[in-house]
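By convention in this document, chain letters (A, B, ...) are assigned in the order of the sequence lines, proteins followed by strands, and residues within each chain are numbered from 1.
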Amino acid sequence: MARVLITSALPYINGVKHLGNLVGSQLPADVYARYLRARGHEVLFICATDEHGTPAELAAAKAGEPVADYCARLWQVQKDLADGFALSFDHFGRSSSTRNHRLTQHFAGRLADAGLIEEISERQVYSIDDGRFLPDRYIEGTCPNCGYPRARGDQCENCTKQLDPTELIEPRSAISGSTNLEVRETKHLHLRQSKLRDELRAWIAAKTDWPLLSTSIALKWLDDGDGLQDRGITRDLDWGIPVRRGTDPWPGMEGKVFYVWFDAPIEYIAATAEWADATGQPDAAWQRWWREDLGASDVRYVEFMGKDNVPFHTLSFPATILGANFDGAEPWKLVNYIKSFNYLNYDGGKFSTSQGRGIFMDQALGILPSDYWRWWLMSNVPEGNDSNFTWESFQAGVNKDLADVLGNFVSRVTKFAHARFGATLPGTPPTEPSSPTCLADFSEWSPAERAVAEDLARRIAAYEANLEAMELRKAAQELRAIWVVGNEYLQSAAPWTAIKTDPARAAAITRFAFNLIRLYAVLSRPFLPDTADRMLAALGLADADWPTDLEAALRALPAGHGFEVPPVLFAKLDDTRRAELETRFAGV
RNA sequence: GGGCCUGUAGCUCAAUGGUCAGAGCAGAGCGCUCAUAACGCUUUGGUUGGGGGUUCAAGUCCCUCCGGGCCUACCA
């Protein structure tokens, strides 16, 4: 039994996330976490909302709410949606928590002690009317290169030239439109991660088993141009974690907060502490996941994220972790594996929050239950390349895989059995239902059942290998093939024919098919948790173990076991409905 | 501009440098009648973007051209 710590990239607090966000971190992390738990490993699965930064402040202002209230409300919205998609976080925390305040300040103090913090005075654009400093991309103006009137301070999206905000012609605030701007001097803390460049490169270079996407992005940042640059880790904002050096004030930094990208990854740790607090456990309970010296040396730490998050997780956060252990006194856990994803597009273009283009988590659940989405998203997860959502593809995936292959299998088995044999599994019930040998006596297998068991053993081994390697597309493909085995078996065994001449044989086939349903429920649970429960409920079971011993698993349900014919597991999406949805979600 | 990824059947994707490049969907034919007009079997379909090179052997490695995508550090 292994111990595995799993974190999903933190969704930003600013509004409901779309399916592209979901598929790139939370959902694959959930499938992995569910699988490892099913295999009996000790898993801690952590996520949280990322609540600080300029966009949160602006969104709160737009909503007419204090930022703290806005974030609390949106946290609940995101929590409910996570529950709606059956994301099995052990804790869903908040980067604005007290725990994160303390830990972030603690890490900053340690980094300062390590000589890795530098105070730098810089000049930034300040909007007098907005009363705030403006990040580069919150400044708009005319592009000096191409004349595009709505160029942003960091880059002109028309001619793609990179800009400095002071280059813009007639610059204005993107927030208020005010042209009442000035350049002001402001002092910030920088993390001197360039000093850790060689250490980071050696660490990354050893990760030969990581996705290319993870390592190639990291290596580019390490070695491109002048190499890894130091980063500002503070901002002039009201909402955030006040800059302190550990528990002490930081002279000269009054009124400033830490940059969201400094405190967000630390929230992985803080959220684990929040989990311990929420479950009434002492600090040791979370430290044994994060501190090598306090019990975490056997923990494997796996992070899931979209490619946009890779630089922060391969460089900045590790620099924080490594730097904080400068004297060997605080060996925090470094990530062991980074599973990164490309983007999911919507019908050939990007999902867009601002344009209302694509499907958002709340809308998705209003259309169909979560398992439909989980299945399509995971069987099309953008592992190797960007992938593309179309309603046509979604319809085909749902109708063929879920309705025709899995749903129909459960339907044909339970309906046949109920019509011919009644409400219990046919055959003579064993006299001692708990005795495995006794069950075996009443479950004599013909060569057909043996062949199916052998086929399944191979396929389940492949399925497990895929899941362990986090090859989720391949795992989904293999799971589907496992479902198909059931239909092949029924077709060749043909209990509807056997029953005319050999009722005992028909009964044995039926029992075997019911055991396949039970097996499929267990195997499918990482992808389809709600459906798995419904399948088991039809068999009168609350839960079932992973089929470590496949032969025993296929004999688990004896003659005499009661069952119900469940309602249709998956309704099909018809062409009319699909057309409706296409229109509704076409965007602006 | 620079860097990285990518191009394989009508579509979505697989293939440690090594049998005849494989699956699913779509198409065609046959079978079955338990089932959500579902299922099963068989089958059509490829000059692996173009060109050159290395090798006994290239979808895979190298060069080049063409197409698509992402990143490029103060959004997070």
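- Residue contacts shown for A:V484 are limited to sugar-phosphate atoms, with no base heavy atom under 4.0 Å away.
- Using atom P as the reference point in both B:rU12 and B:rG69, the two lie 14 Å apart (nearest Å).
- Residue contacts shown for A:N14 are absent, as no nucleic acid heavy atom lies under 4.0 Å away.
- Place A:D401 and A:G384 on RNA chain B by their nearest nucleotides, and A:G384 ends up nearer the 5' end.
- When the P atom of B:rA73 is taken as reference, atom CG of A:D308 falls 14 Å away, rounded to whole Å.
- The separation of B:rC25 from B:rA38, taken at their P atoms, amounts to 12 Å, rounded to a whole angstrom.
- When heavy atoms are screened at a 4.0 angstrom cut-off, A:Y259 is found touching base atoms of the nucleic acid.
- In this structure, A:G306 reaches neither bases nor backbone, as no heavy-atom distance under 4.0 Å exists between it and the strands shown.
- For A:W496, the side-chain atoms get nearest to B:rC32 when compared with the rest of B:rC32, B:rU6, B:rC70.
- Taking atom P in both B:rU19 and B:rA58, one finds a spacing of 12 Å when rounded to whole Å.
- Rounded to an integer number of Å, the gap from CG of A:L516 to C1' of B:rA35 is 15 Å.
- A:Q124 comes within contact range of at least one nucleobase, with a heavy-atom separation under 4.0 Å.
- For A:R235, counting side-chain heavy atoms from C-beta on, the closest listed nucleotide (B:rU36, B:rU6, B:rC74) is B:rC74.
- Counting any heavy atom pair closer than 4.0 Å across all strands shown, A:K400 reaches sugar-phosphate atoms only and no base atom.
- Residue A:K474 has a polar side-chain atom (N or O) positioned under 4.0 Å from OP1 or OP2 of B:rA15.
- Here the C1' atom of nucleotide B:rG24 and the CH2 atom of A:W375 are 11 Å apart, to the nearest Å.
- Each of A:W261, A:Y268, A:Y259 was evaluated against A:F312; a single residue qualifies, A:W261, per the ring-ring contact (aromatic ring centres under 6.0 Å, His included) test.
- The aromatic rings of A:F409 and A:Y520 sit tilted, their planes meeting at an angle between 30° and 60°.
- Checking B:rC4, B:rC13, B:rC71 against the side-chain heavy atoms of A:W221 singles out B:rC71 as nearest.
- Residue A:S216 has its side chain nearest to B:rC4 when only B:rC34, B:rC70, B:rC4 are considered.
- For A:Q193 against A:D230, the heavy-atom pair with the smallest separation is N-OD1, 3.2 Å.
- Helical stems of RNA chain B (runs of at least 3 Watson-Crick or G-U pairs, donor-acceptor distances under 3.5 Å) are listed by first residue: B:1-7 with B:66-72, B:10-13 with B:22-25, B:27-31 with B:39-43, B:49-53 with B:61-65.
- Listed nucleotides B:rG40, B:rU36, B:rA76 differ in distance to A:S411; the shortest reach to its side chain belongs to B:rU36.
- The gap from the C1' atom of B:rA76 to that of B:rC63 amounts to 40 Å, rounded to the nearest Å.
- Between the C1' atoms of B:rG46 and B:rC34, the separation comes to 39 Å (whole Å).
- On the P atoms, B:rG2 is 32 Å away from B:rC11, given to the nearest whole Å.
- The nearest whole Å value for the distance from the CG atom in A:N399 to the P atom in B:rC39 is 10 Å.
- Stacking of A:K17 on the aromatic ring of A:F360 is not recorded, the 6.0 Å distance cut-off and the 45° axial limit not both being met.
- Side chains of A:T390 and A:E392: no donor on one and acceptor on the other come within 3.5 Å.
- When heavy atoms are screened at a 4.0 angstrom cut-off, A:L569 is found touching base atoms of the nucleic acid.
- No contact: A:P495 has no heavy atom under 4.0 Å from any strand.
- Donor-acceptor pairing under 3.5 Å is recorded for the side chains of A:D371 and A:T531.
- Within 6.0 Å of CD in A:E118 there are more than 12 heavy atoms belonging to other residues, nucleotides or ligands.
- Comparing A:T54 and A:F570 along RNA chain B, the residue whose closest nucleotide (by nearest heavy atom) sits nearer the 5' end is A:F570.
- Contact check, A:Y489 against B:rC39: no side-chain N or O comes under 4.0 Å of OP1 or OP2.
- The aromatic rings of A:F527 and A:W375 sit perpendicular to each other, their planes meeting at more than 60°, with 30° as the lower class boundary.
- Comparing B:rG59 with B:rG7, their P atoms sit 14 Å apart, to the nearest whole Å.
- For the pair A:K307 and B:rG69, the criterion of a side-chain N or O lying under 4.0 Å from OP1 or OP2 is not met.
- Aromatic rings of A:F512 and A:Y489 (six-membered ring for Trp) have centroids within the 6.0 Å cut-off, being under it.
- Nucleic acid contact class of A:S393 (heavy atoms, under 4.0 Å, all strands): none.
- Regarding contacts with the backbone of B:rC25, a side-chain N or O of A:R480 is found under 4.0 angstrom from either OP1 or OP2.
- Residue side chain A:F416 fails the stacking definition with respect to B:rC34, as its ring centre and the base's six-membered ring centre are not both under 5.5 angstrom apart and under 30 degrees in plane angle.
- When rounded to the nearest whole Å, the span between NZ of A:K572 and C1' of B:rA37 equals 8 Å.
- Under 4.0 angstrom from either OP1 or OP2 of B:rC74 there lies at least one side-chain N or O belonging to A:R231.
- Contact annotation for A:F133: no contact, since no heavy-atom pair falls under 4.0 Å across all strands.
- Straight-line distance from the CD1 atom of A:I482 to the C1' atom of B:rA23: 15 Å, rounded to whole Å.
- OP1 or OP2 of B:rA76 has not a single side-chain nitrogen or oxygen of A:K17 nearer than 4.0 Å.
- Comparing atom distances between the A:A403 side chain and each of B:rU36, B:rU12, B:rA76 picks out B:rU36 as nearest.
- No close placement of the A:F394 and A:Y372 rings is indicated, their centers lying 6.0 Å or farther apart.
- Here A:V568 lies in heavy-atom contact (under 4.0 Å) with a base.
- Within the 4.0 angstrom heavy-atom criterion, no nucleotide atom of any strand lies near A:G232.
- Counting to the nearest Å, the C1' atom of B:rC25 and the CZ atom of A:R578 are 13 Å from each other.
- To the nearest whole angstrom, the two P atoms, one in B:rU42 and one in B:rU47, are 25 Å apart.
- For the residue pair A:N342/A:K307, the side-chain donor-acceptor check at 3.5 Å is satisfied.
- The residues A:E140 and A:R152 are annotated as not salt-bridged, no charged nitrogen and carboxylate oxygen being separated by less than 4.0 angstrom.
- The base of B:rC41 is not paired with the side chain of A:E488 by any donor and acceptor separated by under 3.5 Å.
- A close approach under 4.0 Å does not occur between any side-chain nitrogen or oxygen of A:R412 and OP1 or OP2 of B:rC34.
- Across all strands, A:N408 comes closer than 4.0 Å to base atoms (heavy-atom distances).
- The CZ-P distance, from A:F341 to B:rC71, rounds to 17 Å in whole Å.
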